[in-house]
Amino acid sequence: IFFSTSRHTMDKSITLPPDEIFRNLENAKRFAIDIGGSLTKLAYYSTVQHKVAKVRSFDKATKVNIPEAASDKLYEISVQEEVTARLHFIKFENAYIETCLDFIKDHLVNTETKVIKATGGGAHKFKELIERKLGLKVDKEDEMTCLIKGCNFVLRNIPHEAFVYAKHADSEFRFQTTQPDIFPYLLVNIGSGVSIVKVESEDKFERIGGSSIGGGTFWGLGALLTKTKRFDELLQLASKGQHTSVDMLVKDIYGGSYGSLGLTGDLIASSFGKSATADKEFSKEDMAKSLLHMISNDIGQLACLYAKLHNLSRVYFGGFFIRGHPVTMHTITYSINFFTKGEVQALFLRHEGYLGAIGAFLKGAEEDNPNQYSWGENYAGSSGLMSVSPDMNPMQRARSGTFDMLEMDRLERQLVNLPLLQDPSSYIPDTMDLTEDALAREYWLYCFEEALDGVVKRAVASQPDMPEAAERAEKFRQKYRHKLQTLRHQPL
Amino acid sequence: MAEFVRLDSSTSRHTMDKSITLPPDEIFRNLENAKRFAIDIGGSLTKLAYYSTVQHKVAKVRSFDKATKEAASDKLYEISVQEEVTARLHFIKFENAYIETCLDFIKDHLVNTETKVIKATGGGAHKFKELIERKLGLKVDKEDEMTCLIKGCNFVLRNIPHEAFVYAKHADSEFRFQTTQPDIFPYLLVNIGSGVSIVKVESEDKFERIGGSSIGGGTFWGLGALLTKTKRFDELLQLASKGQHTSVDMLVKDIYGGSYGSLGLTGDLIASSFGKSATADKEFSKEDMAKSLLHMISNDIGQLACLYAKLHNLSRVYFGGFFIRGHPVTMHTITYSINFFTKGEVQALFLRHEGYLGAIGAFLKGAEEDNPNQYSWGENYAGSSGLMSVSPDMNPMQRARSGTFPFDMLEMDRLERQLVNLPLLQDPSSYIPDTMDLTEDALAREYWLYCFEEALDGVVKRAVASQPDMPEAAERAEKFRQKYRHKLQTLRHQPFAYGSLTVRSLLDTREHCLNEFNFPDPYSKIKQNENDIALKYYQKAVKSLEELSWEERQFALVRGVLAGNVFDWGAKAVSDVLESDPEFGFEQAKRQLEERPWLVDSYDQWLERLRGPPHKCALFFVDNSGVDIILGVIPFVRELLSRGTEVVLASNSGPALNDVTNGELQILTERIAAMDPVIQAGLREDRLTLVQSGSSSPCLDLSRLDKVLAQVVRERQTDLVIIEGMGRAIHTNYYAMLSCESLKMAVIKNSWLADRLGGKLFSVVFKYEVPAGKPSQGSAAVTPS
């Protein structure tokens, strides 16, 4: 459910780059915070002023008076300032919470906000600090309610939010198209323990089951068995181990499969079954791997049984055990495939880590009716999937300071399906999925990079009256090129 | 993902003495005639099964030939002791360490068997294959493990009353035994070996492994060994039983400071097993870790079992496997988990003979041509160890010290006749024969154990006296005394050893032990004598009854039955009087009876009923020989016959105390018919029928009756059941609900019991009952089919 860890080396005096995180803080209106065992997720709502190009038909009446001015143009173009709503979500390690709070205090200009919604197991721990630093009253929200609210929100508003994990496929992640009807679904939240929640509608959910064998068990037993105290390191150990040296397989007992019961020889008959009687030392890696299998399989089995019992076919997995860990996504996926014989797919969420913060924010913003609008992910302001994943590049991560962001723009108009779609649930707008087609991906990334110079030139040329246009265009070039480079390495 | 049945452990006993001498009197009994073998070799225990024939003495009665009658003028019938051969199944369980010793022993004692093969199952079967074949000269024939397990499970559920029990750690009695259900299917069997197999059993031959888990006994053992450096399973369980899981587990309150109300999670719930060891920088005690591990695994298995049970709509869930077997600690945690997850809707059930299932199944596979399932079998209390007799938890010290040879036995007798439910039971599935469960009632237990121990001297004396021509009778009787006293002592400490402890099971155990030492019928001479005397008064008694008015006669008949029932050598108070005063007569007995209103008195309703139309057919379960049957019951039966009611007299198949047996009753009725035209006509016209109950017990289990009896009851459209005597109407069946009218008559001849029921010595129970919804004046036409 929650846990607390502390990074061994933390640098609280870090200077935050204000251009990059906590953007639009001046106009921040409403705050929410979700403090987990190791990560803090901050959400706020802000308004963004930005320029929009408007076109306007020349008035016929005035056209006569100034024929010389725009004689040969159909309409005039003007650039106007527009204010739109944007949701900001920032995730950082708990170690930086004080730095972040200070930063927010310094940059928060004229907010009328008096409260900050808080959720997560760590909320009570930092309550006093938040109230003192920000001068806002901490208003606690139910953790599970926030989680579900957040989950509903991302499933509804972010296309390709959910994905299936396939370790050995050409692309590890297969994204699911957004379904018009997201309910009902099962959410399996694997924190220290496991909560299994059936969600039937926006406001109706029920914790139908759970288990004490969860992430905390992997961590706790793993620490006792291997003397390795860090969760990430345990996962790394596990990814290098061989479970067969610790587990007793069906073939270890019967010399092969147990045909009459339909059990293959490689099936695990007894987790840790060999360590009961073998008088030898087992490697840390092997024990960690066996433990990981044991726990993942158990959770997968429980999830399947609850899904079957409640007749649910969509099962989403979340929680720190899963979050950004390909190792656990793989074992959970394997387990689900095994137990449902492929009938149920294990689904994961791109923004799973933000669910609580999003939910807490939405609780606080209920008078604004956020659900009546459509929201779109702002790619420019959002980090990608697994940008803070410990597995991807732990070295780089330690240096960068580990911030992860999600920004969502409120769209002016509510978006719905074209009623004429033959099957909205199977409709995929894109003809080609570049995540699955490496050659095509290669080509198109190259193509967009090649075209970048031309785009920059065109952008500068579009604003001849503005001397700083060249400078801004250069920033655009850098940002977009960075995104393209990121996508080359992480096509997801 | 998968699981298993066996464990590859060889938990060798630390000190083992292979040169041990086996006590042949005690184990591997009747090996000379052993016919068919089966063996189930598990990770640490071997279970051997064999079928053998047992020769034992039975008392037979035979009417004197009329031609030779002058030879034995004053005797009604002669008693002879004959040898009878019956079939018995033997099961012995011992540690794998002793397997060689045992095989040698078997080889030496196996005399003239035609057996060529031994059926084998269990994970260890292949390991010892060569050894078995070499030692015994039998071909090892392997049988599928799961099939054997299920076959064995079906067999014990069907044949052993009180096989299944519920475990309740803190209740007055730890074990609550379940009544045998007529229909045992469908059920779920959760076998917790190294891994877990979850099997749905739908019929005798249809089962499916619907699920399993790799988190099982091997996981507890394996992880436990890694965490605590303790390599023995039993020791790990002992560590666990001393630990505190809360120092290792993260509870809901550790996270939220209390309960998580909106999700319905209490503060003490385990949120994360081993959650505290993730971050706390401290050493955890072995005990605490073992306890946390035990909880984790038991809860997980319980949860999976519940989910599979729900998915498949099953409410009976049996747990077995080495993780469970005889370990109160794991029975408790599994029970707790099942209660938690099903909110009490499903009960965790355990089996008394769970360890034998594989061996029983393998044996049955080999015996299929003998159709063992067409017979009924009964547990032989004399030859069976009780529940947990080799349990490491019960008394490890004693076990280690006594060291001789820890083994455990189960013997089952093939009953001559197939046993079924009385078709007139209102609800066979809820029928419990016994009125008092001594496992649950400590005071009652105390009294009855004392009572049976006190009576033991008398029984021994009687046994010796019954065989005056046999000089070694005294020696055998002494052996009987030792064995039965030992059983009583065992029961004092482990009242649950043979299922629910009841007066019936105490009586039955005594009968089994007497038979064991060739005292088939210690009361045969007394019964003979009593019958002779009573018969002399028969005509006089009938005549005096006929002189009464109808109403007076009805009352006199009832009093006659009750007074006759006072003549009961089974009850201590009476046997004292009878032995000291042989002149104690029928009239005296009548005077002893309590005056109306009786302790339980529905005589008025009975009389009212008799004014109505006659019953179609009455089934009468009779009790004692002598005055009881001849001067009490037969005149009562005579009146019923005169009213136009057919009568079925049900008496014991085999001897028990001074109860009249079917063989004796046949001779008696013939003799009575010779002097009474009413009885004669009844027999001739087939309106008076004698059947045997199928039992050799002084009590009565209406769920295990001879199949022929059930058939007759159905054919005759029986609409009245009469049960007579303390053993059959009070110790058992006092609360039995029947679907037709019933009459229970008994005199309480035990002051403690009288006290319990609020009466006094010689209080009368006259309980006439009409099932709800039936008019008490019910016409004979309205009979159940």
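When heavy atoms are compared at a cutoff of 4.5 Å, A/Ser260 approaches chain B solely by way of its side chain, counted from C-beta outward. Contact of B/Phe284 with chain A is made through the side chain alone, with heavy-atom distances under 4.5 Å.
When the side-chain hydrogen bond (donor to acceptor under 3.5 Å, both in side chains) test is applied to B/Lys119, the partners found at least two apart in sequence or on another chain are B/Asp141, B/Glu143. For A/Ser212, the side-chain hydrogen bond (donor to acceptor under 3.5 Å, both in side chains) partners are B/Ser273, not counting sequence neighbours.
For chain B, the option among A/Ser275, A/Ser290, A/Gly216 with the highest count of heavy-atom pairs below 4.5 Å is A/Ser275.
Taking a cutoff of 4.0 Å between a charged side-chain nitrogen and a carboxylate oxygen, A/Lys274 and A/Asp247 do not qualify as a salt bridge.
Each of A/Leu263, A/Thr264, A/Asp266 was evaluated against A/Val250; a single residue qualifies, A/Leu263, per the side-chain contact (heavy atoms from CB on, under 4.5 Å) test.
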